Amino acid sequence: MDAFTTLKAVAVPIDQANVDTDQIIPARFLGRTRDRQVEGFFHDFRLDPNGRPREGVTLNNPAYKGARIMVGNTNFACGSSRENAVTTMVDNGFRAFIAPSFGDIFFNNCFQNGCLAIRLPADRVARMRVILHELPGAEISIDLAKQTVVGPDGKTDSFEVDSFRKEMLLKGADEVKITLGYDADIKRFEDRQRQEMPWL
Amino acid sequence: MTAPRTMFEKIWQRHVVVDRPDGYTLLYVDRHLMHDGSSPAYSRLKARGMGLRRADRAAATPDHYVKTDSRTKDVPDPDHRRLLNDITTNCNEAGVQLFDLGDVRQGIIHVVGPEQGLSQPGITLVCGDSHTSTHGALGALAFGIGSSEVTHVMATQCLWQRKPKSMRITIDGTLSPHITGKDVILAIIGKIGAAGAVGHVMEYAGSAIRGLSMEGRLTLCNMSIEAGGRAGMVAPDETTFNYLKGKPFAPKGENWDKAMAFWKTVPTEDGATFDREVTLNAAEIAPMVTWGTSPEDVLSINGRVPDPASAPDPGKQENMKRALEYMDLKPGTPMDGVAVDRVFIGSCTNSRIEDLRAAAAVAKGRKAQIPAWVVAGSGLIKEQAEAEGLDKIFREAGFDWREPGCSMCIGVNGDVGVRGQRIASTSNRNFVGRQGVGVRTHLVSPAMAAAAAVTGHFTDVRKLVG
Ligand code: SF4
């Protein structure tokens, strides 16, 4: 997994609440190899049925070109467990997401792909989105080690992150490898369970 | 004396392999279910030169990409064809129990797990699919995971987790006739919202829940994810035990007695506390139908399409306007009477025998006014329905009787709606484009879907069947 340490980049606002992973990548793109999923990124959200960019969609606005941070709304990336929702973000340049709340599975999937999902209070996130609309192309800067976000208005917020996840992200650690280090514990658990729940 | 514990707390504690001081837990996974989308996770495992740690604890069936008009693996899309072949190759290579296409036990993974007795009280169960919450209906801690976590489970049989919070939804009283688990869960989501249970494991309790059949409980827990929940659970009781008895992978003989003794200790103890409590009154729940593009956009069939002007803030107003535009609905329109173009009865939410019986009871002696599909959740359910003559009822009413799979729930297998179509669907997601680009999905119960089929519009099923 790629490490995540700091990120200073253009941020794009997405105002809708409950943006589901079917919007981030429609199901019809899922069965493909990863390189051919790239174009699925917010496909029907960005483009009309004739393949023309929809008006008023920030993701179509060239002023946000090169954005690597997305600022969303409540329950961002809810719905399906498709990890493709994270990988298609990564393959389109995004590495960090800021929202008042996230779909739980998407939140977990971020950590598996060197991405950071940051929860901040709803009014602060709403303020950030307003500024990003007013100043398209404005940057946000994130420091994982310090757990801070400097908004487009220069205001600094600190955010919470589990220290376990933080360490893994900072190092770009391989989770499977770490778990295999606990092999003796897993074996002990399995031996006990064989006794206690022989029917499994 | 130890404090009284919730069912979730007990199952969690029983599966802790390692508790780290930083609040992270290595949790053991008792059962791992796979489907035809699990192939990339297996490829990554192989790329590491590893095999499954516990192939004996895994089971798989193809569902998302299968056709429902024939049983061929020779589907038109080469990527999907590869996935359908991969699941066979991978399971054979890894020694994983597979219910493959052509096997009568094949079906939607969340239907097959309980039906085979693989889902049991007191266990932890995961699957690379968000509707894994379904299996909590048996009193298991069951949740969906992403593809990287699937690889992790294959390799280690464990997952790193931070303990979620707990939430109890209590529904006391008696449900009115024709009110199903689907109406109950839609009413819950309407009340707490699509993010209402984010970060929480939900336990459904109260006399109305205890009165639900296993099918009803599976429907209820299935859509916990639509409320944002990490998992949903119902305490195991006689309904659970009777359901499990004799299932192929349920414990037998002496093991059954041992398992029963344990299962009876699984439910939440009196006096245990939850981080959040929500209550609903069973008697107030009517047949529900969604009007928008999030499962929280839901109202009773006797309600009217809401007015964005009534939304509490400009953001919500904007969301509502966008949803109504997509759904082509005008504020103030009574839901009863809205014309429907097509009906889908199926999905891991509502494709079990009781669902098919409820739909057949409405279809019987009537004629479908619009195209209507019935897709059983597994080959065994299809067989049972045919033995009961339900297929005949459906066919005579002009419904299409198809082979098991996810079908039109997700629209990746050829079963899709046409742009602009309004579909009454028993599935779980009314997201934009879920059933095909530009398709409008309304979530309803099987009986309500059948009522829409035979009238051509949404209607209160209670007006059709007494
Ligand atoms: S029926 Fe629908 S929700 Fe259920 S597993 Fe299949 S695609 Fe997912």
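The chains referred to below are lettered A, B, ... by the order of the sequence lines, with proteins before strands, and numbering in each begins at 1. Worth saying up front: this structure is predicted, and the values here are computed from it rather than measured.
Closest non-hydrogen pair, A/G31 versus B/Y65, comes out as N-OH, 3.4 Å. The heavy-atom pair separating A/N109 from B/G146 by the smallest distance is OD1-CA, 3.2 Å. Nearest heavy atoms, B/L26 versus A/Y182: CD2-CB, 4.0 Å. In terms of heavy atoms, A/M197 sits closest to B/G122 at CE-O, 4.4 Å. Across every non-hydrogen atom of A/A17 and B/N319, the tightest pair is N-ND2, 3.3 Å. Shortest non-hydrogen contact noted between B/A155 and A/V176 is CB-CG1, 4.0 Å.
A distance of 14.0 Å separates CG in A/D104 from CD1 in B/I145, rounded to the nearest 0.5 Å. The distance from the OG atom of B/S130 to the CZ atom of A/R82 is 8.0 Å, given to the nearest 0.5 Å. Annotation: the span from A/E83 atom CD to B/T151 atom OG1 amounts to 8.0 Å, rounded to 0.5 Å. Interatomic distance, CD1 of A/I186 versus OG1 of B/T156, reported as 5.5 Å (0.5 Å rounding). With rounding to the nearest 0.5 Å, the separation of CG in A/N108 from CG in B/L159 is 9.0 Å.
With a threshold of 4.5 angstrom between heavy atoms, B/H15 approaches chain A through its backbone and through its side chain. For a residue to count as touching a neighbouring chain, one of its non-hydrogen atoms must lie under 4.5 Å from one of that chain's; by this rule B/S294 touches chain A with the side chain only. Contact annotation for B/I123: only side-chain heavy atoms (C-beta onward) come within less than 4.5 Å of a heavy atom of chain A. Both the backbone and the side chain of A/E175 come within contact range of chain B, judged by heavy atoms closer than 4.5 Å. Proximity to chain A (any heavy atom under 4.5 Å) is restricted, for B/H80, to the side chain, taken from C-beta onward. For a residue to count as touching a neighbouring chain, one of its non-hydrogen atoms must lie under 4.5 Å from one of that chain's; by this rule B/F143 does not touch chain A. Both the backbone and the side chain of B/W160 come within less than 4.5 Å of a heavy atom in chain A. Only the side chain of B/Q120 comes within contact range of chain A, judged by heavy atoms closer than 4.5 Å. Using a 4.5 Å cut-off between heavy atoms, B/V18 touches chain A through its side chain atoms alone. The contact between A/F102 and chain B is made entirely by backbone atoms, counting heavy-atom distances below 4.5 Å. Of the two parts of A/R188, neither the backbone nor the side chain holds a non-hydrogen atom closer than 4.5 Å to a non-hydrogen atom of chain B. Contacts of B/R48 with chain A are made by side-chain atoms alone, with heavy-atom separations under 4.5 Å and no backbone atom involved. Looking at A/P49, both its backbone and its side chain come within 4.5 Å of chain B, counting heavy atoms on both sides. Looking at B/V416, there are no atoms closer than 4.5 Å to chain A (heavy atoms on both sides), in backbone or side chain. When heavy atoms are compared at a cutoff of 4.5 Å, B/E318 does not approach chain A at all. At a 4.5 Å heavy-atom cutoff, the contact between A/K187 and chain B is made by backbone and side-chain atoms alike. At a 4.5 Å heavy-atom cutoff, the contact between B/R230 and chain A is made by backbone and side-chain atoms alike.
Residues that satisfy the side-chain hydrogen bond (donor to acceptor under 3.5 Å, both in side chains) test with A/D191, not counting sequence neighbours, are A/R194. Residues satisfying the salt bridge (charged side-chain N to carboxylate O under 4.0 Å, His left out) test with A/R34, not counting sequence neighbours, are A/D91.
Counting heavy-atom neighbours within 6.0 Å of A/K155 NZ, excluding the residue itself, gives a total above 12. By the neighbour-count criterion of 12 heavy atoms within 6.0 Å, atom NZ of B/K252 is densely surrounded, having more than that number from other residues, nucleotides or ligands. The environment of CD in B/E325 is sparse: at most 12 heavy-atom neighbours from other residues, nucleotides or ligands sit within 6.0 Å.
Residues B/M50 and A/L180 meet the side-chain proximity criterion, which asks for heavy atoms closer than 4.5 Å.
Salt-bridge annotation for A/R36 and B/D79: present, with a side-chain N of the basic residue lying under 4.0 Å from a carboxylate O of the acidic one. Taking 4.0 Å as the cut-off between side-chain N and carboxylate O, A/E190 and B/R57 do not count as a salt-bridged pair. Checked for salt-bridge contact, A/D162 and B/R20 miss the test: no charged N lies under 4.0 Å from a carboxylate O.
Contact count against chain A (heavy-atom pairs under 4.5 Å) is highest for B/G199 among B/G228, B/G436, B/G199. With respect to chain B, the highest number of heavy-atom pairs below 4.5 Å among A/N18, A/D15, A/D20 belongs to A/D20.
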**Derivation of the side chain to side chain contact (heavy atoms under 4.5 Å, CB included) call for B/R162 and A/F164** = CA-CA 10 Å; B/R162 165 174 282 287; A/F164 175 71; over 6 Å; no
**Request:** Run the numbers on B/F262 and A/E196 for side chain to side chain contact (heavy atoms under 4.5 Å, CB included), then give the verdict.
**Result:** CA-CA 9 Å; B/F262 165 62; A/E196 290 178 3; over 6 Å; no
**Request:** Quick one: do B/T293 and A/Q23 satisfy side chain to side chain contact (heavy atoms under 4.5 Å, CB included)? Show the steps, please.
**Result:** CA-CA 11 Å; B/T293 55; A/Q23 304 317 306; over 6 Å; no
**Request:** Test A/E167 against B/D22 for side chain to side chain contact (heavy atoms under 4.5 Å, CB included), laying out the working first.
**Result:** CA-CA 11 Å; A/E167 287 311 308; B/D22 57 17; over 6 Å; no
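The stretch residues 44-65 of chain A participates, sequence neighbours left out, in these side-chain hydrogen bond (donor to acceptor under 3.5 Å, both in side chains) pairs: A/R28-A/D44.
Classification of the B/W263-A/W199 ring pair by plane angle, with boundaries at 30° and 60°, yields perpendicular.
Close approach to chain B, defined as a heavy atom under 4.5 Å from one of its heavy atoms, is seen in A/T74, A/N75, A/G79, A/S80 of residues 69-80 of chain A, taken by number.
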